[in-house]
Amino acid sequence: MVRLGVMRLGAALVVCSIVASSPGAVAATAPAAPAAPEVGRLVAALAGPDADARCRAAEALGRLGPGAATAVPALVGAFSDIDTYVQGSAAAALGRIGPGAVPALAKALADRERGTRWCAAIALARMGAGAREAASALVRALEDADENVRYCAAVALGGIGAPAAPAGPALAACLHDRDEDVRAAAEQALEAVDPRFAARSLEWRQAAATVEELAPALMRELHVPGVSVALVSGGQVVWARAFGVADVRSGAPVKAETLFEACSMSKPVFAYLALKLAEQGRLDLDRPLADYFAEDDPPAQAEKRLITARMVLSHTSGLPNWRKGDEERQGPLPVLFVPGSRFGYSGEGMFYLQRVVERITGEPLDAYARRTLFAPLGLAHLSYAWTPAIEPELAAGHDDKGAFRTKTRYTHPNAAYSLYTSAPDFAAILVEIMKVDRSAPWSLAKPSIDAMLAHQVALDSREPIERPASARGLAVFWGLGWSINATAAGDIAHHSGSNRSGFRCFSQFNCARGTGIVIMTNGTAGGDLWTRLVSTIGDL
């Protein structure tokens, strides 16, 4: 019964924004003021022993609307009811009573009891514009310790609309709240109180200032020892900053040249190399990879001969992310679905294509990448394999508490995860992808870039990356090497990375705007850190 009650209260949260969108509904449906005895009878029932009767009494008071204003204290008191159904019914009733309940609800937002604050915020969120006089109290509630109170307070401010415009800075601060739902509610509220927010984008200096302010605070909260960030604007790297330490054992600071594990961000860089081979006619994206190099690990499956480079780069190969025991031991590698039929993220697919590329070029991946792309671009802080030369600049990985986990030595390159990079050098790769002049011998021609960023497969099961305003994702696709979010501001290509060694990273770029962000972290909570940074910045 308790569980069902919680579910019902949760449902009240869902309808907050719906009710808030039609503030005139309360006044339009309110009946004429009832006789005082009727209200008194219902208030008495609200204090009775039977929970169902208390629910019915609260619902009846809600149907009376503003005429039940004298019942406000009793309904607020019902926020402490042992039955959460009663709590939800009382909140809904107060929402229908409207502005007459606002003073009591504003006071309840500061109550010692979490449940009372939560229900008060729900009631105000249901009130729409009628909650206007509670705006100041709702702004204070945005700092409540409980995420449910913060969430409903943000919804309530959005329901008030333009009159709540002074709440804009407080709502903007909630864009990097630790709770995802609070961030989303704050974003929607900002669009309601200030329609200009939906079209806004940060100039890169504003984005840099945001990183300067938020990154150290998030590092402390999430126990992430080191972070490196680079920003791209106007098609060039315009800002880079390092924070914290590369290794908690030595306390060595993160520097611009500090190397982090790119993790799965290794994949789109490899995709660039593969597409260059295709452009040169050395690799056919739609020819079975088995024609170049047969995948003979058990089990024997005819489907393996259907896998192409295009399928690998768009993650439709049918191969698992990693085989049991991982790729090093060359254990069984099954095809899980018909290649080309649907999306299925696969590191094994990238590793298979890597071996094909190495067979075509006659070089190990790290040597080939360095010779054909990294060196021509002047990038000294990128390597697909560990060498003694990079050891002094290499960061260590750390766990959720910020304790040392490991310092890796990937002596065997792997296209799916082994790239070591600094944030500025990875940002230079984004610049290379977006540049207009594609005449350099190492550059992909524009048709190849267009193919890389074309929507190869739709990902209905994945949510877009959290971004505010016009950068909010509308749909998710995968191109050749990159995930792509369709947004009102144009397609934003992105890739994240997560290695068990204790690194989390993220990169994105918008070709239409010439903008990009790279965030490297050396802690397992770094995923939350970059998510909250990007949820504030969006796009430059």
Side-chain angles (χ1 to χ4, degrees), residues 1-20 25-27 29-128 130-131 134 137-138 141 144 146-149 151-153 155-156 159:
M1 186 66 180
V2 172
R3 182 179 180 185
L4 291 173
V6 171
M7 290 173 65
R8 177 168 175 175
L9 188 54
L13 298 179
V14 174
V15 301
C16 283
S17 57
I18 299 173
V19 176
V26 171
T29 59
E38 172 67 4
V39 175
R41 182 184 66 79
L42 292 170
V43 167
L46 195 60
D50 183 82
D52 287 339
R54 297 197 300 275
C55 274
R56 291 194 297 272
E59 291 164 359
L61 287 166
R63 288 192 293 271
L64 296 176
T70 57
V72 167
L75 287 165
V76 172
F79 291 166
S80 300
D81 198 284
I82 192 172
D83 191 296
T84 51
Y85 281 93
V86 177
Q87 296 174 23
S89 297
L94 286 160
R96 292 176 66 89
I97 289 172
V102 167
L105 291 171
K107 182 178 179 180
L109 282 174
D111 195 89
R112 179 181 301 177
E113 293 297 322
R114 161 188 172 273
T116 295
R117 301 194 306 275
W118 186 3
C119 289
I122 291 173
L124 290 164
R126 298 180 71 94
M127 212 175 284
L138 288 165
D144 197 280
D146 186 84
E147 66 274 12
N148 298 300
V149 178
Y151 169 74
C152 288
V155 172

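Scanning both residues, Val155 and Ala125, for their nearest heavy atoms gives CG1-CB, 4.0 Å. Nearest heavy atom pair, residue Ala58 against residue Ala93, reads O-CB, 3.3 Å. Shown here for Phe79 and Ala120, the closest heavy-atom pair between the two residues is CE1-N, 3.6 Å. When all heavy atoms are compared, the tightest approach of Pro103 to Pro99 is CD-O, 3.7 Å.
Residues passing the side chain to side chain contact (heavy atoms under 4.5 Å, CB included) test with Ala134, sequence neighbours excluded: Val102, Ala106, Leu124, Leu138. For the side chain to side chain donor-acceptor pair (under 3.5 Å) test, no residue two or more places apart in sequence or in another chain qualifies with Arg56. Evaluation of the side chain to side chain donor-acceptor pair (under 3.5 Å) rule for Asp146 yields Arg114, Asn148 as partners, not counting sequence neighbours.
No donor-acceptor pair closer than 3.5 Å links the side chain of Arg96 to the backbone N or O of Gly65.
Of the inter-residue distances, the one linking Tyr151 atom OH with Ile122 atom CD1 reads 10.0 Å to the nearest 0.5 angstrom. Expressed to the nearest 0.5 Å, how far SG of Cys152 lies from CZ of Arg126 amounts to 10.0 Å.
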Do any side-chain atoms of residues 41-51 form donor-acceptor pairs under 3.5 angstrom with protein atoms, and if so which ones, sequence neighbours left out?
from  : atom 1 : to    : atom 2 : distance (Å)
Arg41 : NH2    : Glu38 : OE2    : 3.1
Asp50 : OD2    : Asp52 : N      : 3.1
Asp50 : OD2    : Ala53 : N      : 2.7

**Request:** Start with the C-alpha gap between Met127 and Leu105, add the side-chain angles, then the distance that decides, and say whether side chain to side chain contact (heavy atoms under 4.5 Å, CB included) holds.
**Result:** CA-CA 11 Å; Met127 212 175 284; Leu105 291 171; 3.7 Å; yes

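A salt bridge links Arg54 with Asp81: the distance from a Lys NZ or Arg NE/NH1/NH2 to an Asp or Glu carboxylate oxygen falls below 4.0 Å.
Checking Leu75, Leu64, Thr70 one by one against Ile97, the side chain to side chain contact (heavy atoms under 4.5 Å, CB included) holds for a single residue, Leu75.
Listed by first and then second residue, the salt bridge (charged side-chain N to carboxylate O under 4.0 Å, His left out) pairs that reach into residues 70-79 come to none, sequence neighbours excluded.
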